[in-house]
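Sequential numbering from 1 along the given sequence is applied to the chain's residues. Computed over heavy atoms, backbone and side chain alike; hydrogens, waters and symmetry mates excluded. Start at 1 and go down the list; that is how both ligands and their atoms are numbered.
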Amino acid sequence: MASTIAFFFLGLILLSASSSGLAAREPFACDPKDATTRTLPFCQVSSPIPQRVNDLIGRLSLQEKVKLLISGAAAVPRLGIKGYEWWSEALHGVSNVGPGTKFGGDFPGATSFPQVITTASSFNATLWEAIGRAKKYLLPALNIIYPLAVIFLKETDMAQVVSDEARAMYNGGTAGLTYWSPNVNIFRDPRWGRGQETPGEDPVLSGKYAASYVRGLQGSDGDRLKVAASCKHFTAYDLDNWNGVDRFHFNAKVSKQDIEDTFDVPFRMCVMEGKVASVMCSYNQVNGVPTCADPNILKRTIRGEWRLNGYIVSDCDSVGVYYDTQHFTSTPEEAAADAIRAGLDLDCGPFLGLHTESAVQRGLLSEIDINNALVNTLTVQMRLGMFDGEPSSQPYGHLGPKDVCTPDHQELALEAARQGIVLLKNQGPSLPLSHIRHRTVAVIGPNSDVTVTMIGNYAGIACGYTTPLQGIGRYARTIHQQGCKDVACADDQLFGAAIDASRQADATILVMGLDQSIEAEALDRAGLLLPGRQQELVSKVSMASKGPTILVLMSGGPIDVTFAKNDPRIAAIIWAGYPGQAGGTAIADILFGTSNPGGKLPMTWYPQEYITNLPMTEMAMRPSRSKRYPGRTYRFYKGPVVYPFGHGMSYTNFVHTVANAPTVVAVPLDGRHGSINATISGKAIKVTHAKCNRLTLGVQVDVKNVGSKDGAHTLLVFSTPPAGHWAPHKQLVAFEKVHVPAGAQQRVGINIHVCKYLSVVDRSGTRRIPLGEHNIHIGGTKHSVSLHAATLGVIKS
Ligand SMILES: *[C@@H]1O[C@H](CO)[C@@H](O)[C@H](O)[C@H]1NC(C)=O
Ligand SMILES: *[C@@H]1O[C@H](CO)[C@@H](O)[C@H](O)[C@H]1NC(C)=O
């Protein structure tokens, strides 16, 4: 995002001119006080939206239309329409990235949830939707440590969180209604600086996250939108700046197979299941064409196949980037025409506002193409109620400053951090530190007393923070030492004091890891180890420590901590991701056992050697023996790992058994495709030739908590398709989170959609269901199911 600085400042100036402090927002259009415009047909709330949109477009001149194609959309004063800034962000709370949102005055902050990679680790779709817009969410067990918070907590039917706060800020004139979140690119390479913003490396997990969070943000009031979300960046965008290659120049060479079974999946689920109101195309090229100029990607796939009901927006100035930086077209008019004809509806940046009119004059584009784009943007604005007159008289019009940073919103941010934190190692077990309560703890490390580090990027201004030191201080007496000046940890000047502290304390907690100086937008990592001399500090402190040494890691991307995993003096390791404004409380609650950890890694933790000969620019997911290429993510890479995808321990133990599941499933064919050879080849059925409706594999699993503590458990259901060169060696097909009290057992029903999840993609990008034995794995339990084609006894599977 954000390559045109001038444009950014222009946006800021426009915004500060239009928002004057505490005053409630004036109507965007169709002001009931304006007798000349309120009677126009596009203002009639009772008319169908398509009719209103057509009426409005019919009244606009070409010059006026062109100025609506950009994110800093101009006013149309003669029709009573104000200017609008489309660019706001709400990745994990209302953000101040983008000129559409401004904190200050009545809105000094907003609830800052954990960074997405952490929230994803909860594997709890209910939580993801609750963050966007809480339905009824349950309060965690009464927490005696924070009686004050509990007094203010009330369970409301409509505990809407991010979208409540966004609407409240919109009503107050300090935010927009169009949010370019979530980021659901696949976390393909562990070095990616923006991996932290994503739900991880698995396509199905990312797709489920996308659909849940988008539903939460957009609400479920029929066609009406509470706020409009956008899934980005479509597609194969997961490199920022590595070894001299940046996203503005990168041409991702991607196979049809990887597009269909990896890169498309989260976006398809976002559009088709989440019903998102927008998709953003990316800066990079895919197979030689900038995504924002590719009609196959925009018009054919997103709008044609997936039936997006919404608008397609460019990344910020990405149309300018493919003209100026990639030299994809020889004139700016061609660049503008290519984008709009490919299906782009809105430009983040000034480019289309400057060059579209002359593109029409040169005959590169017709006014009808522009109308088609405006239908998509104006329809979203109407679904948001922006043409319905007075904001205060609308469904979300009552929301204001009192609805932002409420105690229950902040409690949910804390709950999200508790659910997302992952226990990687617990030797002994040495955690929880219940016996250390009220005793002395050395708290050491560059991340031990941080605030903004905990909220990661695309954040806003938090309501307030609890640092790890403060959180731990609620349970024990603390001795604090930084150990390193910052995460870069260039020298050992502060080591001595840290070592002394650990000698005196009953336990030592080292809070280490990364921050935005190491991994960020425009900054991919060079390696996977802890930066600078952090590792040395950890080892030296652990050698001196009188009590157990616990390592807490803050980071978005995975870190190679093999040294700590293997070191018996390091008793336990916790990964907190970037845990949000309440991160310190959540970390302490887990360390001292007030909460039982249940998070699981949403990405593979590779050893440093993995990246030695692996260019980030190489997109292939599948390994290649001849090229000595290891493949990417747990689905394809089979080499050594530090911690695998899905790893995460608990203070209790769970066992599962498959209680009930079919051993044979017949896949009905639709019979419309004549020759059987067209339907079945290579012992697999083309998904488009099967009757997929409601064809599910129902599995019932008993989960027993055999330990002594209550806990939440994530059932990760993987399948291994019959052997064949197309297939991943295993893939996530379902997951379900359950809470099971100590000693209790719970039955969990899981329905696996056969066509969606048991299919694999062949080399030409065609999805097929392999016939034969599929192995379903749940933890250590395996169940085998045989798939065959129904009604075709003669066909040998
Ligand atoms: C169908 O495929 C089989 C095996 O691949 C082949 O022997 C047969 O000739 C094919 N039949 C038709 C009608 O193409
Ligand atoms: C999922 O999250 C919701 C919202 O925080 C919570 O009420 C629920 O208990 C969580 N589920 C499990 C199994 O932990």
* **Sole candidate of His774, His729, His777 that passes side-chain hydrogen bond (donor to acceptor under 3.5 Å, both in side chains) when paired with Thr720** => His777
* **Nitrogen or oxygen of Asn124 less than 3.5 angstrom from that of ligand 2** => yes
* Structure fact -> With sequence neighbours left out, the residues meeting side-chain hydrogen bond (donor to acceptor under 3.5 Å, both in side chains) with Arg635 are Thr262
* Structure fact -> Taken in chain and number order and not counting sequence neighbours, the residues that satisfy side-chain hydrogen bond (donor to acceptor under 3.5 Å, both in side chains) with Gln394 are Arg224
* ligand 2 versus Glu415, non-hydrogen atoms closer than 4.0 Å: side chain, backbone, both, neither? -> side chain
* Answer with side chain, backbone, both or neither: which part of Ala130 has a heavy atom less than 4.0 angstrom from an atom of ligand 2? => neither
* Asked: His713 near ligand 2, heavy-atom distance under 4.0 Å?
  -> no
* Where do Tyr634 and Gln731 land on the side chain to side chain donor-acceptor pair (under 3.5 Å) test, with the steps shown first? -> CA-CA 8 Å; Tyr634 80 90; Gln731 61 188 5; over 6 Å; no
Can you name the atoms of ligand 2, numbered from 1 with element, that are less than 4.0 Å from a heavy atom of [X]?
| X | value |
| --- | --- |
| Lys737 | 12 (C), 13 (C) |
| His739 | 13 (C) |
| Ala712 | 14 (O) |

* **Pi-cation contact, Phe654 with Lys704 (under 6.0 Å, within 45°)** => no
* **Donor-acceptor contact below 3.5 Å, side chain Asn705 vs main chain Lys709** => yes
